[in-house]
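Read through the structure below, which is laid out as structure tokens, and then see the notes.
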Amino acid sequence: MRTYLVSALLAAAPAIAAPFRETVVENGSLKARQADCPALPSNLNVQSTSSLPDPFYSYAKGERITSASEWECQRDEIEQLFEQYELGDFPATVESVDASYSGGTLSITVNDQGQSIQFSVSISGGGNNAPAIIAYGYPSIPIPSGVATITFSNDDIAAQQNTGSRGQGKFYDLYGSQHSAGALTAWAWGVDRIIDALEQVDAGIDPTRVGVTGCSRNGKGAMVAGALVQRIALAIPQESGSGGAACWRVSDWQQTQGQNVQTASQIITENVWFSQRFDQYVNNVNSLPVDHHMLAGMVAPRGQYVIENTSMEWLGAQSTFQCMNAAALIYEALGVSDHFGYSQVGGHNHCQFPSEQNSEIEAFINRFLLDQASVQTNVMRSDGNFNFDQSQWAPWDVPDLGEVPTEKV
Ligand code: MCU
């Protein structure tokens with residue numbers, strides 16, 4: 001059992017204007033706001049917009065960003081907006097994490113604010129510093145040999161039975177049932193702690209090569225974990241639909257076209273995935289300063305392969321297509337278009353991975369978890385009859401920000 005005191009390291013860490021904050025404190029769960037990022041004004045003056053908000057506009061600066069060196073602060077600003085409008089607070093640091101590993105079980109104790117909680121995940125197929133994929137619930141994608149599977153019972157961290165699950169689960173045992181975080185945020189916090197634990201004990205896993213996946217409600221979770229946990233190298237949200245790869249604005253528009261699609265106003269009546277802060281916006285999503293192209297964009301420049309299913313009307317097939325095409329523009333602006341893939345194939349049941357996507361997912365895993373830098377990961381496709389309507393949904397200019405520095409390409 002090893003204890004790792006993040007707060008001690010934080011105190012010792014000089015205030016470095018590092019391009020990526022994980023590099024400030026090694027092996028830690030540091031997620032402090034960058035002191036050198038311009039602060040968000042207390043009054044945002046959000047302009048209502050029926051198209052997707054401009055992801056390059058900085059409220060803190062009062063203008064658009066123009067260079068990749070500004071991306072870290074912009075990503076951080078977008079995170080603050082998501083926390084404030086949809087997700088609730090993502091606890092920045094924890095006091096300490098204790099971890100032990102034995103017989104395929106990684107046991108994790110998190111101590112914070114005078115409380116502690118314990119949870120464990122099971123690891124199969126690791127060893128010798130292998131990469132791994134954290135699967136929410138169970139994996140419903142093919143995971144190749146050479147890549148371990150870490151099974152994460154995310155429901156233990158935050159329950160998701162129905163709206164009565166609000167404030168239930170280990171996250172809330174630690175932080176109180178009134179904490180603003182919705183379940184998606186609480187699960188991402190759990191992922192952050194799993195990586196803390198992998199950094200502390202030798203569980204046969206390389207903590208710098210960890211992906212995350214989940215399907216459906218857990219697919220929403222996988223996208224949010226990729227967005228909030230910057231130590232995740234590859235996000236693979238599968239059939240996440242509304243609340244994940246769909247944009248609220250496009251889903252509302254689809255509903256006006258007579259489709260039976262999940263919208264913001266419905267989703268908060270179904271479950272506790274989002275913070276209660278979101279409730280006041282669901283009937284007027286045009287007033288949100290964000291939409292989910294920006295959630296997916298927060299993963300940039302890290303790897304992301306988004307899987308959707310054209311046969312599921314409820315997920316918002318058109319919405320995820322438009323939304324993820326807009327997200328791809330964020331990767332494009334950063335000069336890393338091929339770090340993002342979108343693949344939408346129907347004709348199969350929900351959460352059943354069709355074999356025709358095998359080569360795509362393999363490519364993303366090979367490139368971002370198995371360090372095969374030369375593998376081609378250009379994927380943007382749908383078997384639906386859709387065209388990206390950029391002038392309707394993403395009418396802003398895509399700047400050439402220059403390439404953002406990345407470790408894994
Ligand atoms: C696609 O994710 C959800 C969806 O948001 C819900 O409306 C539906 O009830 O359940 C889906 C799911 O998680 O299916 C397993």
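Quantities reported herein were computed from a predicted structural model and do not represent experimental measurements. Just the heavy atoms: all of them, side chains too, but no hydrogens, waters or symmetry mates, feed the values below. First listed ligand is number 1; within each ligand, the first listed atom is number 1.
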_Between the side chains of D196 and R193, is the shortest nitrogen-to-carboxylate-oxygen separation below 4.0 Å, so that they form an ion pair?_
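Yes, this pair counts.
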For ligand 1, is there an atom lying under 4.0 Å from some heavy atom of [X]?
X    : result
S216 : yes
K220 : yes
M312 : no

*Counting only heavy atoms, which portion of S240 has something under 4.0 Å from ligand 1: side chain, backbone, both, or neither?*
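For S240, the contact with ligand 1 is made by the backbone alone.
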*Within reach of ligand 1, part of L315 (heavy-atom separation under 4.0 Å)*: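 Just the side chain.
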*What atoms of ligand 1 come closer than 4.0 angstrom to any heavy atom of H350?*
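Per the distance check, 14 (O).
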What orientation do [X] and [Y] show, parallel under 30°, tilted 30 to 60°, or perpendicular over 60°?
X    : Y    : value
W248 : F274 : perpendicular
F171 : W189 : perpendicular
F321 : F386 : tilted

[atom]: which protein heavy atom is closest, and how many Å away?
atom                    : answer
atom 5 (O) of ligand 1  : Q262 OE1, 2.6 Å
atom 9 (O) of ligand 1  : E270 OE2, 2.6 Å
atom 13 (O) of ligand 1 : R217 NE, 2.5 Å

Counting heavy atoms not belonging to [X], are there more than 12 under 6.0 Å from its [atom1]?
X    : atom1 : value
Q161 : CD    : no
N43  : CG    : no
Q178 : CD    : no

*asked:* Looking only at distances, can you tell me whether any N or O atom of Q266, backbone or side chain, sits closer than 3.5 Å to an N or O atom of ligand 1?
replied: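 Among all N and O atoms of Q266, none is under 3.5 Å from an N or O of ligand 1.
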